[in-house]
Amino acid sequence: MTAESQKNERYNAREAEPRWQKAWDAAGIYATKNEDPRPKYYVLEMFPYPSGRIHMGHVRNYTMGDVVARYQRAMGNNVLHPMGWDAFGMPAENAAIERKVHPKGWTYDNIAAMKKQLQSMGLSLDWAREIATCDPSYYKHQQRMFLDFLKAGLVAREYRKVNWDPVDQTVLANEQVIDGRGWRSGALVEQRDLYQWVFKISDYAEELLAAIDTLERWPDKVKLMQKNWIGRSEGLLIRFMLDARTTPGGETELEIFTTRPDTLFGAKFMAISPDHPLATTAAAKNPKLKDFIDECHRMGTSQADIDTAEKMGFDTGIRAAHPFDPSWQLPVYVANFILMDYGTGAIFGCPAHDQRDLDFVNKYGLGNTPVVCPPDVDPKSFVITDTAYDGDGKMINSRFLDGMTIDAAKEEVAKRLEAEKRGNRAVGQRQVNYRLRDWGISRQRYWGCPIPVIHCDKCGVVPVPVKDLPVVLPDDVTFDKPGNPLDRHPTWKNVKCPSCGGDARRETDTMDTFVDSSWYFARFTDPWNENAPTDPKMANAWMPVDQYIGGIEHAILHLLYSRFFTRAMKKTGHIGMDEPFAGLFTQGMVVHETYKKKDGTWAMPAEVKIEGAEGARKATLIATGEPVEIGSIEKMSKSKRNTIDPDDIMESYGADVARWFMLSDSPPERDVIWSEEGVQGASRFVQRLWRIVGEIADVKAPDARPAQFSDAALTVRKAAHRALANVSEDIGRLRFNRCVAHIYECANALNEAIASTDTAPAPDLAFALREAGDILVRLFHPMMPHLAEECWAVLGHRTMVATQDWPKLEPELLVENTITLPVQINGKKRADVTVGRGAGNAEIEAAVLALDAVNKALDGKRPKKVIVVPQRIVNVVV
RNA sequence: GCGGACGUGGCGGAAUGGUAGACGCAAGGGACUUAAAAUCCCUUGGGAGUAAUCCCGUCCGGGUUCGAGUCCCGGCGUCCGCACCA
């Protein structure tokens with residue numbers, strides 16, 4: 001064999017991959033029909049933001065989804081596997097500002113570039129269903145649903161406190177405020193009251209919480225995070241009487257929320273939020289209080305500010321009466337640690353059993369009285385100084401509650417205050433509170449879905465009539481000034497009122513982009529529908545998504561919003577179910593080591609040469625030879641420059657190698673370390689499979705199945721079917737790293753069988769090898785589809801492996817005629833025993849007791865006990 | 001502070017309470033080659049021994065069990081989520 005022909009025998013991914021992609025496309029095998037008698041299977045990966053280029057995280061995510069799609073297709077299902085673009089958002093506007101390009105052009109250019117990249121990965125996607133959320137044909141239906149939700153009472157317009165960036169002139173999300181400053185402008189963020197459109201997600205708090213337990217194929221971690229986010233807590237609303245002589249406007253009552261009514265006799269003060277109406281009216285008459293409230297507002301909202309903030313209060317002079325003792329007066333403070341938007345924005349303070357309250361009284365000298373005494377502590381000597389006690393115990397210093405458990409005391413207080421009426425209302429009322437807030441969707445941005453309402457001075461807020469949808473974003477906008485270009489677009493903004501025909505203005509806020517991604521999965525079921533967001537018949541047939549795959553970073557917002565949105569769509573007749581995602585899988589990140597140059601800047605992996613063995617690895621810059629420090633392994637990011645360009649990998653190794661490595665090294669839920677060695681290992685395996693399959697193809701096998709198989713042939717058949725059983729089990733559970741290991745084992749076994757045959761194999765072995773080769777190729781097809789097609793052709797098939805059924809398992813090949821059991825003596829392995837398949841426990845025990853190692857250990861004595869675990873192990877207790 | 005997850009060779013990781021380290025990477029040795037690359041074969045948790053074999057070993061300390069990486073209790077460490085939520 002010449003060197004040239006040897007070279008030609010290497011698998012050439014660069015040539016083969018585009019060829020098969022074209023062939024699949026021409027055959028239309030990934031286009032899914034809605035009418036199909038087979039069972040449906042909907043697999044979806046979180047759609048990307050079109051930033052311009054795909055990154056390794058996308059490669060990992062979409063590879064996993066593609067494995068599931070191809071496997072489910074082979075299992076005989078009608079598979080829906082679509083792709084689209086989460087195309088609205090700030091980066092497009094930033095590009096417009098920085099590079100003087102239009103957000104629309106920028107976005108569609110990016111989509112085109114990224115689509116090409118995704119296609120080069122060989123993903124089995126139905127591109128005919130492609131959608132982009134920035135397209136009027138998509139957001140038209142979103143506007144329609146906004147109007148439906150409005151009619152159904154699921155949308156409200158609220159006057160809300162928001163983070164306002166005075167330079168960028170927009171509302172910022174809490175995550176965009178860093179140390180009290182806007183993340184882009186660096187300007188001091190102001191608290192501002194603005195009208196905001198909100199979705200009433202809190203109406204569904206209880207339902208969203210309760211239904212979490214029905215999500216069987218969701219990770220526990222995500223379910224727990226959503227539970228905590230919804231944050232249910234049971235407590236008591238209590239109306240405290242105020243001394244009207246002390247209140248600014250003659251107010252007689254203050255309503256508070258507490259989860260600890262049992263500690264009512266430990267109360268030392270009341271506190272209200274700086275934003276509480278009572279604080280506002282009191283401040284109007286008291287300039288010093290106004291100064292204090294202003295100072296509270298200046299305080300940052302960032303985490304660091306909150307962590308270091310001191311508890312501060314201002315005594316308003318208002319006095320409240322204890323609900324169980326009118327003569328017991330409590331001072332009412334305005335305090336900086338009381339949030340207006342939780343509970344009623346007011347509390348009673350029990351310093352002995354709440355750390356914040358204790359810090360507060362210690363500063364203002366109000367003292368504390370313990371009312372819960374820990375078990376085994378003498379109540380007389382129980383004193384609280386710097387640390388509040390929030391554990392279990394018995395009630396003390398609490399009059400009629402003394403001696404009760406905390407739970408009993410809570411119940412007693414609730415019962416008494418519910419029974420006590422003031423006016424026609426009870427003094428106390430049990431209430432469930434949630435941490436979950438309504439979802440504010442107003443954004444003062446251009447590149448988003450316009451909110452379809454019109455403001456009329458006469459008629460107020462008027463919905464845009466459905467026939468006038470979509471409200472299309474105008475193209476002729478400029479970004480030379482800060483703020484929302486829609487606000488200064490005269491012909492778009494100024495319109496006639498649909499109700500009275502008078503002069504009116506369009507709403508210029510656009511929707512949060514999380515709205516766009518809260519229903520795209522339903523749109524994929526019928527993306528051609530011009531008349532409605534969905535055809536409920538098709539949506540109900542395809543939904544819920546059987547397997548959704550994406551990053552853990554969406555554990556709360558996107559996934560919770562989608563759960564809410566699906567319920568809202570159900571209420572408005574667009575879909576017939578509550579839960580959008582039956583199965584959820586959150587994949588880990590792609591990480592890479594970092595390289596730090598002498599000057600403190602980072603070098604990219606492509607710029608660095610690595611030498612030396614593990615433990616003594618050295619890195620130098622290829623260009624200059626300058627040594628660089630090998631740093632920690634971190635998430636691939638632009639700032640650390642430790643990114644690998646998927647295009648480079650596909651160019652030099654091919655898509656299949658990238659796909660295989662992504663699946664092979666780590667369990668899919670954990671981070672995977674991208675390494676050059678790992679990719680090379682994957683690349684070697686591709687060539688190895690190609691060689692093994694080539695050698696199998698060279699074997700001359702009979703067409704007819706032999707009546708008998710020799711031991712060598714049986715070994716081959718067993719290896720193939722064991723791999724088939726194992727891969728089938730693991731692929732269904734998304735344990736791709738184990739699938740990879742099973743395929744390696746199978747390939748190794750076939751390689752060994754070929755290597756140990758010097759002459760042409762006997763007909764039965766040849767038949768077994770061909771059969772095993774067919775199985776092997778179909779097993780790795782979901783992971784490496786191009787190589788699999790090429791191998792399938794080499795094995796003489798005229799069909800595409802992508803359209804083949806999953807191999808049929810012959811279960812009898814998994815059963816051995818004899819089994820070898822480990823033999824333990826006192827729990828330590830000392831020998832093996834081989835018995836027949838059907839051997840009973842008595843027979844096994846006799847065989848074990850005849851072993852030399854056992855007799856030596858027994859030394860003539862009788863064993864105390866012999867434990868035989870069928871199919872597993874034998875333990876002899878001496 | 002509250003909640004959760006995790007801790008196994010040089011590395012990524014396998015292991016329904018039942019032979020710890022599957023499979024891969026790295027490393028070492030060998031074959032082929034004038035040589036290198038590529039490929040193929042062998043070895044590889046630590047220790048003792050020519051060998052059969054034996055001892056130790058899954059973060060640390062206890063416990064349950066015939067048997068614990070796995071279950072329980074107490075530490076230590078790492079990572080993640082939430083957080084002035086009354």
Side-chain angles (χ1 to χ4, degrees), chain A residues 3 6-7 10 219-222 224-229 231-233 235 256-260 263 271 273 303 305-307 309-311 335-339 341-350 353-357 359-360 390 433-437 552-553 555-556 613-617 633 660-661 664-667 669-673 675-682 684-685 687-688 691 726 735 737-745 747-748 751-752 755 820-832 853 863-869 871-878:
Chain A
Q6 205 166 18
K7 209 164 117 197
R10 286 182 65 77
D220 289 339
K221 183 187 167 86
V222 174
L224 189 72
M225 280 164 74
Q226 291 213 351
K227 279 183 185 174
N228 290 339
W229 186 262
R232 182 183 202 274
S233 60
I256 64 101
F257 175 75
T258 181
T259 56
R260 293 295 302 271
T263 64
S273 163
Q303 199 51 56
D305 290 339
I306 289 165
D307 286 345
E310 215 179 323
K311 304 277 172 286
N336 64 344
F337 61 98
I338 309 299
L339 307 172
D341 51 4
Y342 186 79
T344 62
I347 62 148
F348 82 83
C350 176
H353 305 291
D354 183 295
Q355 192 60 46
R356 291 159 306 175
D357 296 348
D359 293 345
F360 189 79
D390 61 2
N433 252 315
Y434 299 93
R435 214 186 69 98
L436 182 68
R437 304 287 147 75
I552 186 79
E553 67 274 18
I556 296 169
E614 199 76 42
R617 296 165 74 243
I633 294 168
W660 184 254
F661 179 58
S664 65
D665 241 32
S666 294
E669 69 279 6
R670 278 196 231 169
D671 293 350
V672 64
I673 304 170
S675 71
E676 187 62 25
E677 295 82 1
V679 186
Q680 280 169 2
R684 271 199 298 277
F685 187 58
Q687 295 302 337
R688 188 172 147 88
R691 182 182 61 79
N726 287 336
R735 300 196 290 204
N737 58 319
R738 305 207 325 176
C739 294
V740 164
H742 302 316
I743 289 167
Y744 269 110
E745 279 167 336
N748 289 345
N751 188 53
E752 202 171 318
T820 299
L821 296 174
V823 177
Q824 294 184 333
I825 295 168
N826 291 333
K828 283 185 185 262
K829 195 208 160 189
R830 284 293 180 264
D832 289 305
K864 281 196 193 130
K865 212 198 265 185
V866 179
I867 295 155
V868 179
V869 183
Q871 308 290 317
R872 279 287 172 196
I873 204 167
V874 182
N875 193 12
V876 181
V877 185
V878 178

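These numbers were taken from a predicted model, which means no experiment stands behind them. Every chain is numbered from 1 and lettered A, B, ... according to where its sequence line falls, protein lines coming before strand lines.
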(message) Measuring to OP1 and OP2 of B:rA14, would you say a side-chain N or O of A:Asn737 lies under 4.0 angstrom away?
(response) yes
(message) Classify A:Ile552 by what it touches in the nucleic acid, base, sugar-phosphate, or nothing, heavy-atom distance under 4.0 Å.
(response) nothing
(message) Just to be sure I understand the rule, does A:Asn751 reach a base, reach only the sugar-phosphate, or reach nothing, if contact means heavy atoms closer than 4.0 Å?
(response) sugar-phosphate
(request) Can you label the angle between the A:Trp660 ring and the A:Phe685 ring as parallel, tilted or perpendicular, going by 30° and 60°? (result) parallel
(message) Just to be sure I understand the rule, does A:Arg232 reach a base, reach only the sugar-phosphate, or reach nothing, if contact means heavy atoms closer than 4.0 Å?
(response) nothing
(message) So, OP1 or OP2 of B:rC56: does either fall under 4.0 Å of a side-chain N or O from A:Lys828?
(response) yes
(message) Base, sugar-phosphate or nothing for A:Phe257? Non-hydrogen atoms, less than 4.0 Å.
(response) base
Considering only nitrogen or oxygen atoms on both sides, find all protein atoms under 3.5 Å from nucleotides 65-67 of chain B and state each distance.
| from | atom 1 | to | atom 2 | distance (Å) |
| --- | --- | --- | --- | --- |
| B:rC66 | O2' | A:Asn875 | ND2 | 3.2 |
| B:rC66 | O2 | A:Asn875 | ND2 | 2.6 |

(request) Both distances under 3.5 Å, Watson-Crick or G-U wobble: report the partner of B:rU64, or none. (result) none
(request) With heavy atoms under 4.0 Å as the rule, sort A:Asp832 into base, sugar-phosphate or nothing. (result) nothing
(message) Taking the nucleotide of RNA chain B with the nearest heavy atom to each, does A:Arg735 or A:Gln687 sit closer to the 5' end?
(response) A:Arg735
(message) Cation-pi check for A:Phe360 against A:Lys311: NZ or CZ below 6.0 Å from the six-membered ring centre and within 45 degrees of the axis, yes or no?
(response) no
(request) Decide yes or no on side-chain contact (heavy atoms from CB on, under 4.5 Å) for A:Ile673 and A:Asp665, but give the supporting numbers first. (result) CA-CA 8 Å; A:Ile673 304 170; A:Asp665 241 32; 5.8 Å; no
(request) Can you tell me the pairing partner of B:rG17 across any strand shown, Watson-Crick or G-U wobble, with both distances under 3.5 angstrom? (result) none
(message) Between C1' on B:rC41 and CZ on A:Arg684, what's the gap in Å once rounded to a whole number?
(response) 15 Å
(message) Taking atom types as they are modelled, would you say the side chain of A:Arg10 forms a donor-acceptor pair with the base of B:rU39 within the 3.5 Å cutoff?
(response) no
(request) Could you check A:Ser666 against A:Gly678 and say which one's nearest nucleotide on RNA chain B is further toward the 5' end? (result) A:Ser666
Close N or O pairs between protein and nucleotides 1-8 of chain B (under 3.5 Å):
none

(message) Looking at A:Arg691, I'd like to know whether one of its side-chain N or O atoms comes within less than 4.0 Å of OP1 or OP2 on B:rA38.
(response) no
(request) Give a yes or no on whether A:Glu553 atom CD has more than 12 heavy-atom contacts from other residues, nucleotides or ligands under 6.0 Å away. (result) yes
(request) Take the protein atom CD1 of A:Ile556 and the nucleotide atom P of B:rC82, then report the distance between them rounded to whole Å. (result) 5 Å
(request) Hunt down the Watson-Crick or G-U wobble partner of B:rG1, both distances under 3.5 Å, from any strand shown, or write none. (result) B:rC82
(request) Could you tell me the separation between the NZ atom of A:Lys829 and the C1' atom of B:rC55, rounded to a whole number of Å? (result) 16 Å
(request) Take atom CZ of A:Phe360 and atom P of B:rA86, then tell me their distance rounded to the nearest Å. (result) 18 Å
(message) Looking at B:rA51, which nucleotide sits across from it as a Watson-Crick or G-U wobble partner, both distances under 3.5 angstrom, or is there none?
(response) none
(message) Is it the case that the side chains of A:Asn726 and A:Arg735 hold a donor-acceptor pair, with the cut-off being a distance below 3.5 Å and no angle test?
(response) no
(message) Measure CZ/A:Phe337 against P/B:rC84 and give the value in whole Å, please.
(response) 13 Å
(request) Determine which nucleotide pairs with B:rU39, using a 3.5 Å limit on both distances of a Watson-Crick or G-U wobble pair. (result) B:rA31
